[in-house]
Amino acid sequence: MAHSPGDDQLVVDLPAGRLRGAAEDGLLVLRGVPYAAPPVGDLRWKPARPHAGWSGIRDATADGPSAPQPYREGGDPVLGGHGAPPFDEDCLTLDVWTPAADGARRPVLLWIHGGGFVSGSGSLPGYSGATFARDGDLVVVSINYRLGPLGYLCLGPGEGGNHWLTDQLAALCWVKENIASLGGDPDSVTVAGQSGGAVSTAALAGHPQAQGLIKRVILQSPPFGLDLPGPDAALERTAAFRELAGVEDEAELRTLPWPALIGAGIGLFARTARWGHWPTPFLPVIDGPALPRHPAEALLSGAAAGIDVMIGWTREEAAFGFALDEGYAAATREQVTERIAETFGGSRAPAVYAAYERNRPGARPHDVLMDLITDELFRVPAVRLAEARAALGRPVWAYQFDLPAPAYEGRLGAAHCLELPFVFDNFDQWSHAPFLAGLAPAVRDGLAHAMHQAWIGFVRTGDPNHSDLPRWDPYDTKTRATMRFDSVTGVLDDLAGDSRLLHLTRVT
């Protein structure tokens with residue numbers, strides 16, 4: 001039974017230095033722990049550097065600032081907000097939840113938040129590691145990293161734009177060096193992330209500096225269908241960003257305060273937007289040294305091929321960004337067919353539209369568009385990874401989250417991000433989120449238990465099965481077993497088969 005650590009147990013000695021944490025509901029919690037030097041001044045747009053350390057006992061009872069990002073008072077109509085002040089460039093900190101700072105060598109879960117590469121924080125209440133630490137006897141780490149222009153801007157040839165990745169590598173190394181002193185096992189680390197955080201997770205898994213540091217990965221809704229830029233395309237986007245910021249060159253850009261950079265980034269949203277496409281003004285850059293290939297390919301070769309993988313998506317991913325937009329709600333069949341032609345070619349577009357219409361009886365043009373975007377960005381690339389891993393004899397545990405949100409007359413369906421409070425099983429920390437309104441508690445809590453325990457099982461053993469879950473077999477190229485998480489949960493064979501087969505014919 002968990003019990004609160006005594007005062008003498010709140011001070012921990014780590015290789016990184018001495019820290020004083022807090023006792024929270026039977027757990028030792030450390031907050032705002034620096035894992036790299038503050039990326040400020042001359043270190044802005046530089047790879048993460050080691051932290052200089054501190055003398056004495058550092059207080060670790062308060063979260064560090066979130067990475068600078070856009071902020072709207074009152075939040076958004078789906079999540080209700082995904083990052084809150086204070087913001088500061090000095091943001092490279094992490095939080096830790098552990099049952100005890102002892103020698104138990106518990107499995108470790110490292111969480112990387114999503115947010116379209118522009119928003120979020122590892123210290124958001126919804127990402128609290130308390131439930132995983134308490135229910136699974138795990139050590140949980142959640143990190144902040146540079147976002148938006150400070151994390152992804154490519155400044156010049158040979159410099160890359162993947163400062164975010166150097167941050168995450170530094171955090172992973174911090175875990176390797178320090179987690180044993182916090183009751184964790186550095187040889188049993190699962191990295192998990194959602195959306196942009198899942199792209200990060202895959203990129204880490206395939207990085208040479210991370211070899212041997214990751215045992216398992218959980219990829220929740222990775223947008224592997226994103227077309228990531230190379231250096232030339234990234235530099236074109238940087239030129240547009242400089243124009244929006246009103247500066248001529250890098251030297252002048254470095255003099256701007258971070259709020260001006262975030263403001264220019266908001267302008268880049270409009271500059272780069274395309275109808276029927278998820279807006280992504282900042283993206284990882286395929287630059288060679290730091291990120292030599294698309295993260296979706298990282299788990300198919302080399303040492304990363306041996307990492308245990310769980311991957312999944314929500315049934316209506318795209319509803320998150322488009323379902324409540326009245327402009328998209330009024331989309332016509334002609335508009336959507338033209339958008340389909342971008343992927344499948346003009347001659348096949350009408351037949352593809354008809355196929356989507358058949359798969360969702362009563363579908364409006366808007367619904368067809370949502371399913372197309374969901375397939376392009378999330379479902380089909382995830383299935384392709386599962387197929388490729390299965391062909392290599394490297395099993396993948398695949399799932400689809402199907403429970404629809406009643407909010408907004410059901411327009412959101414099973415939207416992007418909806419699985420998060422179920423995975424963490426901490427709905428009290430998501431009371432601000434409009435998309436959870438109206439969920440029946442009995443259905444909600446039962447599904448959360450099933451998912452939360454499956455994630456714990458996978459972190460602990462590499463197998464998500466548990467006594468309250470129907471038998472879940474790995475994905476293979478014969479049955480294509482996929483867990484369907486819904487009010488009635490169970491495994492279906494080839495759950496995404498219609499999408500998989502349809503997209504075999506797309507233009508590449």
Side-chain angles (χ1 to χ4, degrees), residues 77-78 116 195 221-229 233 236-237 268-281 283 294 296 313-385 387 400-402 404-405 408-418 480 482 494-508:
V78 180
S195 193
S221 299
F224 282 156
L226 287 170
D227 183 16
L228 302 185
E236 289 179 12
R237 190 160 290 198
L268 199 59
F269 266 96
R271 182 75 66 90
T272 59
R274 298 166 57 203
W275 193 90
H277 293 266
W278 203 292
T280 50
L283 289 166
H294 197 293
W313 55 91
T314 71
R315 189 179 62 196
E316 284 93 12
E317 296 273 10
F320 178 94
F322 300 90
L324 304 183
D325 186 310
E326 295 304 324
Y328 281 106
T332 66
R333 187 184 189 100
E334 291 70 28
Q335 283 178 301
V336 176
T337 302
E338 289 177 7
R339 170 64 179 82
I340 292 172
E342 296 179 29
T343 300
F344 288 87
S347 63
R348 294 216 63 240
V352 171
Y353 188 104
Y356 273 112
E357 219 171 18
R358 286 193 300 272
N359 290 336
R360 189 180 288 271
R364 303 163 298 159
H366 169 268
D367 301 316
V368 171
L369 180 63
M370 296 301 95
D371 286 343
L372 172 75
I373 297 171
T374 294
D375 276 351
E376 284 183 354
L377 273 185
F378 301 98
R379 182 161 38 225
V380 170
V383 169
R384 285 177 176 156
L385 175 61
E387 292 269 319
Q400 178 172 295
F401 182 88
D402 274 25
Y408 300 107
E409 297 81 42
R411 282 185 286 165
L412 291 172
H416 190 63
C417 296
L418 185 58
R480 297 184 168 92
T482 306
D494 205 10
L495 175 59
D498 289 338
S499 296
R500 176 178 61 82
L501 295 171
L502 182 62
H503 280 257
L504 287 175
T505 64
R506 63 188 288 180
V507 174
T508 57

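For the numbers below, each heavy atom of this structure counts, side chains included, while hydrogens, waters and symmetry mates do not. Residue indices begin at 1 and follow the sequence shown.
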Return all side-chain donor-acceptor pairs below 3.5 angstrom for residues 409-418, not counting sequence neighbours, or 'none' if the list is empty.
| residue | atom | partner | partner atom | Å |
| --- | --- | --- | --- | --- |
| Arg411 | NE | Tyr408 | O | 3.3 |
| His416 | ND1 | Glu317 | OE1 | 2.6 |
| His416 | NE2 | Ser195 | OG | 2.9 |

Residues at least two apart in sequence or cross-chain that pass ring-ring contact (aromatic ring centres under 6.0 Å, His included) with Tyr353, listed by chain then number, are none
Going by heavy atoms in the side chains, are Leu226 and Thr280 under 4.5 Å from each other?
-> yes
Not counting sequence neighbours, which residues clear ring-ring contact (aromatic ring centres under 6.0 Å, His included) with His294? List them please.
-> none
Do any N or O atoms from the side chain of Tyr328 and from the backbone of Ala323 form a donor-acceptor pair under 3.5 angstrom?
-> no
Quick one: pull up CG in Leu268 and CZ in Arg271 and give me the separation to the nearest 0.5 Å.
-> 7.5 Å
For residues Val368 and Ala363, report the shortest heavy-atom separation together with the two atoms involved.
-> CG2-CB, 4.2 Å
Report the distance from atom CD of Glu342 to atom CZ of Arg274, rounding to the nearest 0.5 Å.
-> 5.5 Å
Sub-3.5 Å donor-acceptor pair from the side chain of Thr272 to the main-chain atoms of Ala270, do we have one?
-> no
Rounded to the nearest 0.5 Å, what's the gap from CD on Gln400 to OG1 on Thr314? Could you check?
-> 8.0 Å
How far does CG of Asp367 sit from CD of Glu357, to the nearest 0.5 angstrom?
-> 10.0 Å
Hey, are the side chains of Leu502 and Val352 touching, using non-hydrogen atoms and a 4.5 Å cut-off?
-> yes
Locate the shortest heavy-atom distance separating Thr374 from Ala318; write the atom from each residue and the value.
-> OG1-N, 3.0 Å
Under-4.0 Å salt bridge between Arg339 and Glu376 = yes
If we ignore angles and hydrogens, is there a donor and acceptor under 3.5 Å between the side chains of Asp375 and Tyr356?
-> yes
Answer yes or no: is there an ion pair linking Glu316 with Arg360, defined by an N-O contact shorter than 4.0 Å?
-> yes
Output the distance between atom CH2 (Trp313) and atom CG (Asp402), rounded to the nearest 0.5 Å.
-> 10.0 Å
Minimum-distance pair of heavy atoms, taken over all atoms of Leu372 and Ile340 = CD2-CG1, 3.8 Å
Kindly say whether Pro281 contributes a backbone atom to a donor-acceptor pair with the side chain of Arg237 at under 3.5 angstrom?
-> yes
Chi angles and distances behind the side chain to side chain contact (heavy atoms under 4.5 Å, CB included) call for Arg500, Asp494 = CA-CA 9 Å; Arg500 176 178 61 82; Asp494 205 10; 2.8 Å; yes
Centroid-to-centroid, His503 to Phe344, below 6.0 Å?
-> yes
Looking at the rings of Trp278 and Phe378, which for Trp means the six-membered one, are their centres under 6.0 Å apart?
-> yes
Can you tell if the side chain of Leu283 reaches within under 4.5 Å of the side chain of Pro229, non-hydrogen atoms only?
-> yes
Measure the CZ-CE distance between Arg315 and Met370 for me, rounded to the nearest 0.5 Å.
-> 14.5 Å
Minimum-distance pair of heavy atoms, taken over all atoms of Pro350 and Ser347 = CD-O, 3.9 Å
If you look at every heavy atom in Ala296 and Leu385, which pair is closest and at what distance?
-> O-CD1, 3.6 Å
Apply side chain to side chain contact (heavy atoms under 4.5 Å, CB included) to Leu324 and Val78, showing your working.
-> CA-CA 9 Å; Leu324 304 183; Val78 180; 4.0 Å; yes
